[in-house]
Each structure stands twice: as C-alpha cells, then as structure tokens.
K.L.:
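One structure follows; several queries about it will come next.
Naming: A, B, ... by sequence-line order, numbering from 1 per chain.
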2 protein chains.
Amino acid sequence: MKQKNKDAIVKERILNNAESLFAQKGFRGVTVREIINAANCNLSAVNYYFGNKKNLYLEVFRARLIPRSQSMCERFKKFLGQRQPSDSPAAVVEALAQAFLEGPLSDDERRCHYQLMVREMSQPGEAFDLVFEHVMQPLLQDLSRRLRLVITEEIEEERLILNIESILGMIIHFNYFRSVITRFTGHAYDSSFKKRLIEHIIDFSLYGLGVGKKEVLT
Amino acid sequence: MKQKNKDAIVKERILNNAESLFAQKGFRGVTVREIINAANCNLSAVNYYFGNKKNLYLEVFRARLIPRSQSMCERFKKFLGQRQPSDSPAAVVEALAQAFLEGPLSDDERRCHYQLMVREMSQPGEAFDLVFEHVMQPLLQDLSRRLRLVITEEIEEERLILNIESILGMIIHFNYFRSVITRFTGHAYDSSFKKRLIEHIIDFSLYGLGVGKKEVLT
DNA sequence: GTCTATAGCAGGATAGAC
DNA sequence: GTCTATCCTGCTATAGAC
C-alpha cells in the first residue's frame with residue numbers, strides 16, 4: 001500500500017463510502033454525517049477535501065463512475081479481440097454482456113455503478129451531462145460502429161440505435177433488478193447464474209423469442 | 001366534479017402531488033412542505049390524513065401505483081382480446097408493449113409510475129413487498145401462462161422467465177430512459193415515436209437482431 | 001377538519017484551536 | 001490537515017385554538 005501522505009487515503013475513503021451510500025440512497029437520502037461515519041473520519045474533512053456535499057457527489061462521478069465505465073469498455077474491447085471469430089453480431093453481444101455482467105468489477109462495485117447511473121439517467125441532474133458525454137455517448141458510438149461492420153444487411157441508423165438500446169436495456173435490467181430476478185428464478189447472482197444470463201442475453205439479442213428456431217453458440 | 005365533502009378532495013390533492021414528487025426525488029428527497037405547497041393545503045393536513053410522511057408514501061403505492069398497474073394489465077388483456085388472431089407470441093408482445101407504452105395513462109402518470117416502481121425495485125424498501133406481490137408477481141404469472149399457450153415448442157420455465165424479463169426490461173428501459181433515448185434519436189415521445197417503439201419492441205422480441213431475416217407484422 | 005404556533009431535532013457548513 | 005464546537009436553517013410532528 002502506498003501512503004506517501006495520509007491525505008489521499010482519507011480522501012479515497014470518503015469517496016469510496018460516499019459512492020456506496022449515494023448509490024443506495026441518492027443524493028438527498030444520504031447525510032454527510034453518515035458518510036464520515038462510514039469513512040471513519042471527521043465531519044470537516046468533507047468540506048476540506050471537496051468544498052461541499054454536492055461537489056463530493058459530482059466527484060464520485062468524475063473520479064469513480066466514469067473511470068470505471070471506461071475500464072468496462074476496455075474490457076469489452078479486450079473480450080472482443082480475444083474472440084474467434086470476432087466479426088459476428090454474436091461475438092459483439094457476448095463481449096458486451098460479459099464485460100458488463102462479469103467484467104472487471106466486484107459485485108458491490110457493479111451494484112453501485114448501475115444504481116448511480118440509473119438514478120442520474122432517469123432524473124437528469126447535474127451529473128447527467130457528465131455521464132452522458134463520457135459514458136453513454138462513446139459506448140453507443142462504439143457499439144454502433146462495430147455492429148454496423150458485422151451486420152451484413154443494410155440497416156438504418158435509428159433502427160440500429162433502438163437495437164443497441166434494447167440490448168443495453170436487458171443488461172441494465174438484469175443488473176439492476178436483481179432482487180426481483182432472484183425472487184422469480186430462485187438464483188443468486190453467482191458465477192454460474194451470470195453465465196446463464198449472458199447466454200440468455202446473447203440468445204435473445206440474436207433471435208428474440210426465436211419463434212420456430214433455437215439453440216445457439218457457446 | 002363531485003365534491004360531496006372537501007375532505008376527499010384535499011386528500012386526493014395531497015396524494016397526487018405526493019406521488020409526482022416522490023417519483024421525481026424519492027422519499028427523502030421530498031419534504032412534506034414541498035408536498036403541501038404543491039397541493040395548496042396546510043402542513044398539518046398530511047398528518048391529519050395520513051399520520052406521518054412514511055405512511056403517506058406507502059399510501060401512494062396502495063392508492064395510486066397498484067390500482068394503476070392493475071388498470072394497465074386490464075388494458076393489456078383488452079388489447080389482446082381485440083387482436084385477430086390473439087394466439088401468437090407477436091400478439092401478446094404487441095398488446096403488452098401497447099398497454100405499457102401507450103396504455104390508459106397520461107404521459108405524466110406513466111413517468112411517475114415507472115420512476116416509483118424502479119426506485120422501489122432496485123433498493124427494496126418498505127413498498128417493495130407491496131409492489132412485488134400486487135404488480136410484478138401477477139403480471140409475470142399472467143404473461144408466463146399466456147406465452148406458454150402460444151409458443152408451440154417446449155420451453156423450460158426458467159427460460160420463459162428470462163424471456164419475459166427481457167421484454168419487460170426493454171419496455172422499462174424505453175419508458176425510463178427517455179431523456180437518453182430522446183437525445184440519441186432526436187425524437188420526442190409523441191404518438192408516432194411511441195408507435196415506432198412498439199413496433200421495434202415486437203420486432204426485437206420476436207427476432208432479436210434478426211440475423212438474416214427481417215420485416216414483420218403490423 | 002383546518003389552521004397557527006412551536007417543540008425538538010438533524011442537516012450542512014464554518015470558525016478557529018491545535 | 002485534522003479536530004471540536006457551534007451557527008443556523010429547515011425538517012417532522014404535535015398541541016391546541018377556532
């Protein structure tokens with residue numbers, strides 16, 4: 001552990017705990033006092049390092065959510081690169097689902113991540129532009145470009161966007177509604193159930209209800 | 001307008017405004033003062049009619065969200081009954097998408113509805129059980145039963161659940177992430193764009209990316 | 001049933017000692 | 001940089017007049 005000075009460590013602790021709490025309860029649902037209790041530091045530390053509560057909130061997005069998002073996108077590219085062949089729609093969807101469901105994050109991080117994202121996307125707040133510009137926009141453009149390369153037929157831009165949003169909708173749904181999914185299927189989100197989910201997302205993305213045909217890849 | 005006594009009216013006004021505000025900002029994000037300002041009534045009215053803030057919150061679910069959910073399900077059944085033929089997967093998905101995207105609600109009501117639902121589903125709170133039992137559970141069972149009737153092949157229960165959740169995921173996504181979808185497609189959620197979305201949901205639910213084939217029903 | 005007034009407390013933020 | 005002490009605003013909830 002590096003600990004050149006203690007500053008960074010306290011600051012990091014505040015950021016980590018703030019993220020987790022904001023994700024669970026939203027901006028107004030969390031008090032600064034809760035955060036500093038979790039981070040085991042003094043009340044004034046928040047104002048010292050971040051100025052005020054709102055700025056701490058924004059910093060959570062800048063310093064945690066956005067970098068993590070980028071690392072998930074990296075992972076997506078890496079997965080796709082490893083795949084043979086990597087130039088089918090199935091490969092793109094598989095890499096995407098894998099990166100976002102199993103990706104480089106711990107389960108706690110993933111929970112945080114989606115909660116913060118979803119909160120901000122539905123009720124555009126101050127972090128919305130940040131997330132939109134640095135997360136959604138690049139992801140959609142990347143996916144759009146890649147899919148266009150591997151889909152043989154002509155496809156109009158709007159339709160492509162709706163397709164991509166449908167796949168993302170599923171991925172978000174299965175990450176975000178865990179309690180519901182768990183209650184319906186009886187499965188906890190362990191490694192084997194996640195594989196099952198990824199398989200399902202690929203299958204459904206390619207063939208939907210697959211009226212008349214079935215049974216796919218890996 | 002019926003107004004036998006003023007009680008009901010004040011109570012209704014509080015409920016309506018509370019719902020809208022809770023949907024936008026969550027339980028802790030809203031103050032009772034905000035609500036009574038919007039409802040144009042006195043501070044104590046909330047305690048008089050509902051006891052306390054938390055109970056008002058729960059009452060919003062009991063008296064507004066759940067009945068509305070049921071009316072959307074009614075609408076779904078009605079749509080399905082009108083359809084000829086009504087015994088294909090396409091008909092079921094179409095009726096579902098139509099009920100949930102265009103259904104019997106105003107756009108404001110729909111926004112409220114999904115925001116409250118999603119909030120409660122991700123972070124199981126006190127209203128979770130209410131919503132799960134009266135909304136999610138019956139809907140899933142109904143859909144499961146109906147789809148099983150119209151899907152010709154054998155399909156295991158778990159796979160059916162995942163399929164249904166995928167479709168619901170899309171519907172929720174397109175309702176809930178409006179700001180994002182609007183920014184990407186350039187379309188506001190007017191009647192013609194909603195029709196486009198419904199068409200897309202049917203198409204994608206049946207054929208996914210439709211690798212190799214395309215072009216569907218109504 | 002509806003209002004005013006207020007109790008009682010928790011929140012964010014800051015000043016100033018160390 | 002970190003802490004304690006404190007300010008002041010704004011919250012929920014209630015008591016009690018009308």
K.L.:
Tell me whether the NZ or CZ atom of A:Lys194 lies within the 45° cone about the ring axis of A:Tyr189 and under 6.0 Å from its centre.
P.N.:
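So A:Lys194 doesn't make the cation-pi contact.
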
K.L.:
Round to a whole Å and report the spacing from CZ of B:Arg28 to P of D:dG10.
P.N.:
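Between P of D:dG10 and CZ of B:Arg28: 17 Å.
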
K.L.:
When you look at A:Phe204 and B:Leu162, which way does the side-chain contact (heavy atoms from CB on, under 4.5 Å) test go after all the steps?
P.N.:
CA-CA 9 Å; A:Phe204 194 87; B:Leu162 294 184; over 6 Å; no

K.L.:
Check the distance between C:dG12's C1' and A:Asn55's CG and give it to me in whole angstrom.
P.N.:
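Atom-to-atom, A:Asn55 to C:dG12, this comes out as 14 Å.
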
K.L.:
In whole angstroms, how far is the P atom of D:dT14 from the CZ atom of B:Phe50?
P.N.:
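From B:Phe50 CZ to D:dT14 P: 16 Å.
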
K.L.:
Look at all strands and tell whether A:Ser44 reaches a base, only sugar-phosphate, or nothing, counting heavy atoms closer than 4.0 Å.
P.N.:
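Base, at least one base atom sits under 4.0 Å.
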
K.L.:
In whole Å, I'd like the distance from the CD1 atom of A:Ile35 to the P atom of C:dA10.
P.N.:
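It works out to 18 Å between those atoms.
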
K.L.:
What integer distance in Å separates A:Asn42:CG from C:dA15:C1'?
P.N.:
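These atoms are roughly 13 Å apart.
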
K.L.:
Starting the side chain at C-beta, find the nucleotide from D:dG1, C:dG11, C:dA13 nearest to A:Tyr49.
P.N.:
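So the nucleotide nearest the side chain must be D:dG1.
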
K.L.:
Taking OP1 and OP2 of C:dG12, is either one under 4.0 Å from a side-chain nitrogen or oxygen of A:Asn47?
P.N.:
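False: A:Asn47 side-chain N/O out of range (4.0 Å or more) of C:dG12 OP1/OP2.
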
K.L.:
Kindly state whether the ring of B:Phe61 and the ring of B:His134 have centres lying under 6.0 angstrom apart.
P.N.:
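Distance test on ring centres: not under 6.0 Å, no.
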
K.L.:
Look at the side chain of A:Arg110 and the backbone N and O of A:Leu101, then say whether any donor-acceptor pair between them is shorter than 3.5 Å.
P.N.:
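Answer holds: yes.
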
K.L.:
What's the CD1-P distance between B:Ile36 and C:dT2, to the nearest Å?
P.N.:
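Rounding to the nearest Å, CD1 of B:Ile36 and P of C:dT2 are 14 Å apart.
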
K.L.:
Output the rounded distance in Å from CD1 (A:Ile14) to P (D:dC3).
P.N.:
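In whole Å, D:dC3 P lies 10 Å from A:Ile14 CD1.
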
K.L.:
Take the protein atom CG of A:Leu43 and the nucleotide atom C1' of D:dT6, then report the distance between them rounded to whole Å.
P.N.:
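Taking atom C1' of D:dT6 as the reference, CG of A:Leu43 is at 11 Å.
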
K.L.:
Between D:dT6, D:dT14, C:dG1, which nucleotide has the shortest distance from any of its atoms to the side chain of B:Tyr48?
P.N.:
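For the B:Tyr48 side chain, the nearest candidate turns out to be C:dG1.
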
K.L.:
Of A:Arg33 and B:Val30, whose nearest nucleotide on DNA chain D comes first from the 5' end?
P.N.:
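In this pair, the answer is A:Arg33.
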
